[in-house]
Structures are given as C-alpha cells and as structure tokens.
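The next block holds one structure in the form of structure tokens; read it before the comments.
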Number of protein chains: 2
Amino acid sequence: MFSETVSSADYSKFPVPSMRHAAAESGLERGSIRRVKAKEQIFCDGDPRTHVFRVEQGVITLSKLLSDGRRQIIDFAYPGDYIGLGVLPDYVFDAQATCAAKVRCLSTSALEQEAATDASLALKLYKAVSAELTAARSLLVSVGQKTAMERISAFLLNLVARNQKSGAEAGVVRLPMRRSDIGDLLGLTIETVSRMITKLRMMRVIDVVNGTEVRILNRGRLEELAGE
Amino acid sequence: MFSETVSSADYSKFPVPSMRHAAAESGLERGSIRRVKAKEQIFCDGDPRTHVFRVEQGVITLSKLLSDGRRQIIDFAYPGDYIGLGVLPDYVFDAQATCAAKVRCLSTSALEQEAATDASLALKLYKAVSAELTAARSLLVSVGQKTAMERISAFLLNLVARNQKSGAEAGVVRLPMRRSDIGDLLGLTIETVSRMITKLRMMRVIDVVNGTEVRILNRGRLEELAGE
DNA sequence: CGGACCGTTGACTCTTGTCAAAGCCAGTGG
DNA sequence: CCACTGGCTTTGACAAGAGTCAACGGTCCG
C-alpha cells in the first residue's frame, strides 16, 4: 500500500528559492512549487516541521495513524488551504496526496521570522488556523454525535459547499478520495460508507456515476438527513 | 435545567475598562474580571462575538448543541485558556461554567485593532489557536477511532497532564464535570462512561473517591488501555 | 489474459445505546 | 434532627446500529 511512499526526508529537496520578486510577494506567496504523485507522502507525523505547504492543485489527505493501523483523517486540504501551520517543532500528522497534486513550499523558519515583525502576516496565519479549527470542530460534532447516515449526508453537503466555491457544476461533487478515506474521516468502515451511499441512491437523494461523481438530486432531503 | 442561565446579552454588562496601567499590559492582560456561577452560561452559539475571555479560575465547558438536543463538548477550558478566539463575527458554540469560575473579558474589537499593528500579539493569538487546534484534532482521533475504554483512559491521562501543570498532587485528578459532560465530550452515553469507570476500578487501575476524585493506581496500564 | 485494487452486498457478531429501576448525596423545610 | 426531594450516578436487561468476515464484481493496467 505504501510502496509509492517517498522517504520523509525527500521534501527537503525543495528549498525555498531566493526572493526574486520579493517586493511584490508576501510571505505566503513565495516558495517553489512541488509536484506530488497520487499517494505520495508529503511529510510524516514526527518529521521536523521544516516547511508549510499551500495546496495549489489536487487534494491532500491529512491523517493521524494509531500504532495498530487505525487511521483518523483530520482533514482534506483543497487548493488554497495551508498544511503544516502550528507552533510545534514537528509535524503532528501525515500528509499524503489522494491524487496528483501541486503544493507550494514555504520555509517554516522564514515564515516565522517574517511573522515576528509583520502583523498582517501573523494575522493571516491566525485566520488560517482559526478556519482549520472551525472545520475540525465541525467534524468532531459529526463524528461524536451523528449516525452513519447523518455523517455521510453532512460530508456530502460539506463537499458541495467547497466545490461551489471553485466553480464546479452546481449539485455535482467529485469524490477524489476512496471509500476508505471517507470512512477514516467519519469514523466509519468502508462497508458502512458504501451501504449509506447505496441507501441514498435508493432513496433517490443522490446519483452516483463511476463511483466517483455524486449528483445531488434532492438537496433539501439531504440536509434533513444531515441532522442540522 | 437552564433556570440559572443568564440571557445571552448579559455579558455586555462587563465592558473592558479604560486602560489604567496600559503601558505595562499587553492586549491579552487587560480586561475586567467577571465572576460566573456554576452552570451559568457565558455566551451562546450565534451571539455576536463581542468579547474574548481568558479563564482565571474554574472550568468552562465549550459545546455545540444539535437541534434535537444532542450535544458535543468541544473542549474544557482551564485557567489560562482563551475562549472565543477566531475570525467569525458570531460565537460558534456555547460556553458554560461547570463550577463557579472567573473569566477576564477582552473586547474583541480592541483586540483585533491592536493585533493589526502588534505582530507579537497577533502571534500569541496564532499560537493560542494552534494549541486549540491540536487539542481538537487529538480529541477527534479518540472519538473517531477509539473504543469506549480507550477514550475514557485517554481522557483521564489528558486530565492528569493538565493538572500536573497546575501543581496538584501527582496521580490524582479532580473531575469538576459531570458524567454527562464526559459522555458528551467523548461521544458516549453517561451509562457507558459510568460502566467504563467502574471497570477501571474493578481492574485496580484507578480509585474513585466521592465520584469526583480519581486516583491513578496503575499509570502504565492506563496508558496501554488508552491505545497509544 | 490475469492480477491487484477497490467497491458492493450479505450474514452474522458485538459494542454501545436505550430503557428502567434503584442508590447515593446534598440541600431544604418541617 | 430527620424525612423529603431532586439531581446525579450506578447497575441491569434488552435492542439496535455499526463492525467483522467473506464472497463477488468491476475496472485498470501490465
């Protein structure tokens, strides 16, 4: 499963380049682009936190692994999202591309140095992390309180909202992740995820094409099913 | 149950006072102290986010309520923790005191204004929110992946770690919250919480006095049970 | 063509939730 | 001083939602 995984040191091969057009760029715009292949690991839990990444293309899975193999996905990072923000010296989760992707690499030390004197940059970091916190807590509510059906429904609505922003066809969601990823995000098994999706299809609430594209047929019903 | 609850507007009666010794104080030190009684609501989900609070004494429960009454506790805020940080115009959860408590009230607008020019303050906010994010994700891993026994064990160890810092007797934890609070934090029912605590007592891993004070008898075993 | 991977479906199990009753403790009022 | 009340916890019996195990099918790719 991890045969394509790249050693955790690999991302150090993508240093932040010298500031060629620095004057025009804030600390969050600089940085070289790194291409990652599907299933390639960007960094691992426990690695020194040398870079912060900004997703430019693709979807990145952020996850935490327990020693016995259980996995909790903490978030899916979409284009525009930042990965690896925080105050700890090491990364505290794994980051892996679900599909071919591009990320911008920002040196942690340079970022922190700049933020120490640039209040607007520091505030941007504050806002980015606050948004992550809101998302994490919302997921926590789902996982802690909702039934399998409610979690799947809420998850789909969440994806719709994200995709809307990136201007996709209304009411159609691409699922770039596998069933096991959805399960590990929502605290369910792949079988349960599959069954709930089948049930939603049977209820004519959604339609699924190729297993990866979901068309919302009855948004109102889906919202009811998502349990507020 | 909510007979002692204070109307959501009440905290506006505690404005930030004029800066009497401003030169010596950063934006996070200023602010009047507000006393809250046990079970008193500090603010509600949806109220305008007029203040950020710093817990000075007691324990504050942060929770999110679903329309049908299910409740997810997002965090317990201990002395030194900040409540209500973020970028949204309204509060996105309820804050309620589990026991008599004191909080310092900081005006949101003043804080934001100051942070816009003071990078070190903005960085402090960034760090505070980052810590909350780490805690939220750690809880998410518990709730999403762990069994009831593992969640309870991890929860107790978490409390031990927090209390250690505030210099309590080693290996003894006070539980200022009720079983229903623990259940709503961990995504379990009160019955399950009670059963697991009983089981831990039977296994001689912990001892419980008065239902509110837990003595850790076998920390190693408890760590094993917490599932990494 | 064959294998690997992923998703779906079915039968069965089990952990946890639900419902109900009893115990415990603190505060109150006679 | 003590019985009463209400809130919280504990315990038990039972139910159900989700997990486990297993088999099958589809798709991609060498």
Side-chain angles (χ1 to χ4, degrees), chain A residues 1-5 37-39 61 66 68-72 98-100 142-153 155 175-202 206-214 225 227, chain B residues 1-5 37-39 61 66 68-72 96 98-100 142-153 175-202 206-214 225 227:
Chain A
M1 182 181 181
F2 290 126
S3 56
E4 296 183 73
T5 296
K37 289 178 296 198
K39 299 191 193 176
T61 301
L66 299 193
D68 62 358
R70 283 176 289 179
R71 184 178 69 146
Q72 176 67 43
T98 56
C99 51
S142 271
V143 172
Q145 301 301 325
K146 296 187 179 177
T147 65
M149 185 52 116
E150 290 171 331
R151 290 183 220 180
I152 295 287
S153 302
F155 168 71
L175 299 181
M177 68 291 288
R178 295 165 306 191
R179 296 291 181 271
S180 67
D181 292 330
I182 301 176
D184 288 347
L185 177 79
L186 301 177
L188 300 170
T189 59
I190 51 177
E191 292 93 333
T192 301
V193 172
S194 182
R195 277 187 256 267
M196 294 303 138
I197 290 180
T198 300
K199 204 165 179 180
L200 284 173
R201 264 199 300 124
M202 294 303 152
I206 64 172
D207 193 22
V208 182
V209 187
N210 285 330
T212 69
E213 205 169 294
V214 175
L225 289 168
Chain B
M1 181 179 180
F2 289 127
S3 56
E4 296 182 74
T5 295
K37 289 178 296 196
K39 299 192 192 175
T61 301
L66 300 193
D68 62 358
R70 283 176 289 180
R71 184 178 69 144
Q72 176 68 43
Q96 186 184 22
T98 57
C99 50
S142 271
V143 172
Q145 301 300 325
K146 295 187 179 177
T147 64
M149 185 52 112
E150 290 171 332
R151 290 183 220 180
I152 295 287
S153 301
L175 299 181
M177 68 291 289
R178 296 164 305 189
R179 297 290 182 269
S180 66
D181 292 330
I182 301 176
D184 288 347
L185 178 79
L186 301 177
L188 300 170
T189 60
I190 51 177
E191 292 94 332
T192 301
V193 171
S194 181
R195 278 188 255 268
M196 293 303 138
I197 289 180
T198 300
K199 203 165 180 180
L200 285 172
R201 265 199 300 124
M202 294 304 152
I206 64 173
D207 192 22
V208 182
V209 186
N210 285 329
T212 69
E213 204 169 294
V214 174
L225 289 168

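All values below come from the heavy atoms of this structure, side chains included, with hydrogens, waters and symmetry mates left out. Just so you know, these numbers come straight off a predicted model, no measurement behind them. In what follows, every chain begins at residue 1, and chains take the letters A, B, ... in the order their sequences are listed.
Direction of the helix axis in the helix from C:dC1-D:dG30 to C:dG30-D:dC1 shifts by 30° between the two five-pair termini, rounded to 10°.
Counting heavy atoms of neighbouring residues, nucleotides and ligands inside a 6.0 Å radius, atom CG of A:Asn210 does not exceed 12 of them.
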Next item on the list: Using the salt bridge (charged side-chain N to carboxylate O under 4.0 Å, His left out) rule, take B:Asp181 and B:Arg71 through it: C-alpha gap first, then chi angles, then the decisive distance, then the call.
Entry: CA-CA 9 Å; B:Asp181 292 330; B:Arg71 184 178 69 144; 2.6 Å; yes

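Per the geometry, CD1 belonging to B:Ile182 stands 8 Å off P belonging to D:dT9, to the nearest Å. Rounded to whole angstrom, the span from the CG atom of B:Leu186 across to the C1' atom of C:dT15 amounts to 16 Å. Between the CD atom of B:Gln145 and the P atom of D:dA18 there is a distance of 15 Å, given to the nearest Å. What separates CG of A:Asp184 from P of D:dA18 is a distance of 17 Å, to the nearest Å. Distance CE (B:Met149) to C1' (C:dC14): 16 Å, rounded to an integer number of Å. Across the protein-nucleic acid pair, B:Asn210 atom CG and C:dC25 atom P stand 8 Å apart, rounded to whole Å. Atom-to-atom, CZ of B:Arg179 to C1' of D:dT11 comes out at 14 Å; the value is rounded to the nearest Å.
What you find for A:Leu188 and A:Arg151 is that their closest heavy atoms are CD2-NH1, 3.7 Å. Between B:Thr147 and B:Glu150, the shortest heavy-atom distance links the atoms N-OE1, 2.9 Å.
Remark: side-chain polar atoms of B:Arg179 are paired, donor with acceptor, to backbone N or O of B:Gly211 under 3.5 angstrom. Between the side chain of B:Thr198 and the main chain of B:Ser194, a donor-acceptor pair closer than 3.5 Å is present. The main-chain N or O of B:Leu185 is found under 3.5 Å from a side-chain atom of B:Gln72 such that the two form a donor-acceptor pair.
Within residues 188-199 of chain A, the residues having any heavy atom closer than 4.0 Å to DNA chain C are, in order of number, A:Glu191, A:Ser194, A:Arg195, A:Thr198.
No engagement by B:Gly183 is indicated, since no non-hydrogen atom pair under 4.0 Å with the nucleic acid exists.
By the 4.5 Å heavy-atom criterion applied to side chains, B:Ile152 and B:Thr192 are not counted as neighbours.
OP1 or OP2 of C:dC6 lies within a sub-4.0 Å distance of a side-chain N or O belonging to A:Arg178. Regarding contacts with the backbone of C:dC6, a side-chain N or O of A:Lys39 is found under 4.0 angstrom from either OP1 or OP2.
Residues A:Thr147 and B:Met177 each lie close to DNA chain D; by heavy-atom proximity, the contact nearer the 5' end of the strand is made by B:Met177.
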